[in-house]
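Only heavy atoms go into these numbers, but all of them, side chains included; no hydrogens, no water, no symmetry mates. Proteins get letters first, then strands, A, B, ... in listed order; numbering begins at 1 in each.
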Amino acid sequence: MKIATFNINGIKARIDALPQWLDEAQPDVAILQEIKSVDEGFPRELFEDRGYNVETHGQKSFNGVAILSKLALEDVTRGLPGDDSDDQARYIEATVVGDHSSVRLCGLYLPNGNPAPGPKYDYKLAWMQRLEDRARALLAEETPFLLTGDFNIIPQAEDAATPDAWREDALFRPESRAAWRRLLALGLTEAFRARTQGPGHYSFWDYQAGAWNRNNGIRIDHFLLSPAIADSLRDCQIDKDVRGREKPSDHVPVWVDLDL
DNA sequence: ATGGCGCCCCGAGGGCGA
């Protein structure tokens, strides 16, 4: 089962590039972030015509997540538990059933958190604590799951072309990376690093200052696999070439192939 | 790593992202 994550930076702006990538990459599941659309405004027919079931959790102008799946999506829930006052659309869950096992898909758009320190950074760290709590609950009930999406976390210095430029940034500050390591310490497997070592692998290049042409990128889009499905990992790749196309998002797709 | 880019919004320039 091929499962991809892709921060598309606006569905209206990616109305051609997203279907084009889907048609060639042929993921069974695509988990999207930053659709920047309300649910009613999401062009679901575009994907339904390609055989995808569509579940969205959107809001006006900002944020918004979605799951496209060629397999049926069951028990869809919207929003990250733990704060009823949080009205930002950043989280969606659904279950897909494979040939011999099912998996709970947790699609997330983790807050950026800049400027740090400050209230936006506090929100990011609190959100990460809620995510950890949610992962603990899924582990406790022995539900096989994966967390994927735009984590807005640079895990290590090797995940940035210019790490020194990020030292004070919310994506790389010690508290952010400590929260990331607490997730891993639950026993979760980071899919990309289970397959590929070393620097130079990025999933985001800023639109500004020629970042793409200079390969000044960061790796912030991730898959975390629960212990029950970690052994089913067959492959994990970054579709880097998508960044060099016509009217690209600033992120590129990352995908896993799981034997489910 | 921000001046620079690009997206959003009923309309123009400010908020936001990373």
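Taking the side-chain hydrogen bond (donor to acceptor under 3.5 Å, both in side chains) definition, one finds that T95(A) meets it with R104(A), sequence neighbours left out. In terms of the side-chain hydrogen bond (donor to acceptor under 3.5 Å, both in side chains) criterion, D16(A) has no residue partners (sequence neighbours excluded). For R177(A), there are no side-chain hydrogen bond (donor to acceptor under 3.5 Å, both in side chains) partners two or more places apart in sequence or in a different chain. Here H57(A) pairs with nothing under the ring pair (Phe, Tyr, Trp, His ring centres under 6.0 Å) rule; sequence neighbours left out. By the salt bridge (Lys or Arg N to Asp or Glu O under 4.0 Å) test, R14(A) pairs with no residue at all, sequence neighbours left out.
Summarising the hydrophobic clusters (Ile, Leu, Val, Met, Phe, Trp, Tyr; side-chain heavy atoms under 4.5 Å, direct or chained), the residues clustered with F172(A) are I154(A), W166(A), L171(A), F204(A), I218(A), I220(A). Here Y121(A) is tied into one hydrophobic group with L125(A), each link being a pair of ILVMFWY side chains closer than 4.5 Å. Grouping Ile, Leu, Val, Met, Phe, Trp and Tyr residues whose side-chain heavy atoms lie under 4.5 Å apart, directly or via other members, leaves V38(A) alone, with no other cluster members.
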Any protein N or O atoms within reach of nucleotides 12-16 of chain B? Criterion: under 3.5 Å, listing atom names and distances.
none

Check nucleotides 1-3 of chain B against the protein and report each pair of N or O atoms closer than 3.5 Å, with its distance, or say if there are none.
| residue | atom | partner | partner atom | Å |
| --- | --- | --- | --- | --- |
| dA1(B) | N1 | W166(A) | NE1 | 3.4 |
| dT2(B) | O2 | Q208(A) | OE1 | 3.0 |
| dT2(B) | O4 | D206(A) | OD2 | 2.8 |

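Distance, K124(A) NZ to dG17(B) P: 11 Å, rounded to whole Å. Between the NZ atom of K247(A) and the P atom of dC5(B) there is a distance of 14 Å, given to the nearest Å. Atom CG in D150(A) sits roughly 17 Å away from atom P in dC7(B) (whole-Å rounding). At whole-Å resolution of the value, CD1 in I35(A) and P in dG17(B) are 16 Å apart.
Remark: K60(A) is in phosphate contact with dC10(B), judged by side-chain N or O atoms under 4.0 Å from OP1 or OP2. The side chain of Y121(A) contributes no N or O atom lying less than 4.0 Å from OP1 or OP2 of dA18(B). OP1 or OP2 of dA18(B) has not a single side-chain nitrogen or oxygen of N114(A) nearer than 4.0 Å. For the pair N152(A) and dA18(B), the criterion of a side-chain N or O lying under 4.0 Å from OP1 or OP2 is met.
Contacts between residues 8-21 of chain A and DNA chain B, defined by a heavy-atom separation below 4.0 Å, involve N9(A), G10(A), K12(A), A13(A), R14(A), listed by number.
Between the side chain of Q59(A) and the backbone N or O of A89(A) there is at least one donor-acceptor pair closer than 3.5 Å.
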Show me, pair by pair, the donor-acceptor contacts under 3.5 angstrom made by side chains of residues 66-76 of chain A, not counting sequence neighbours?
| residue | atom | partner | partner atom | Å |
| --- | --- | --- | --- | --- |
| S69(A) | OG | L71(A) | N | 3.1 |
| S69(A) | OG | L71(A) | O | 2.7 |
| K70(A) | NZ | Q26(A) | OE1 | 3.0 |

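Defined by atom type and a distance below 3.5 Å, a donor-acceptor pair is missing between the side-chain atoms of D250(A) and W212(A).
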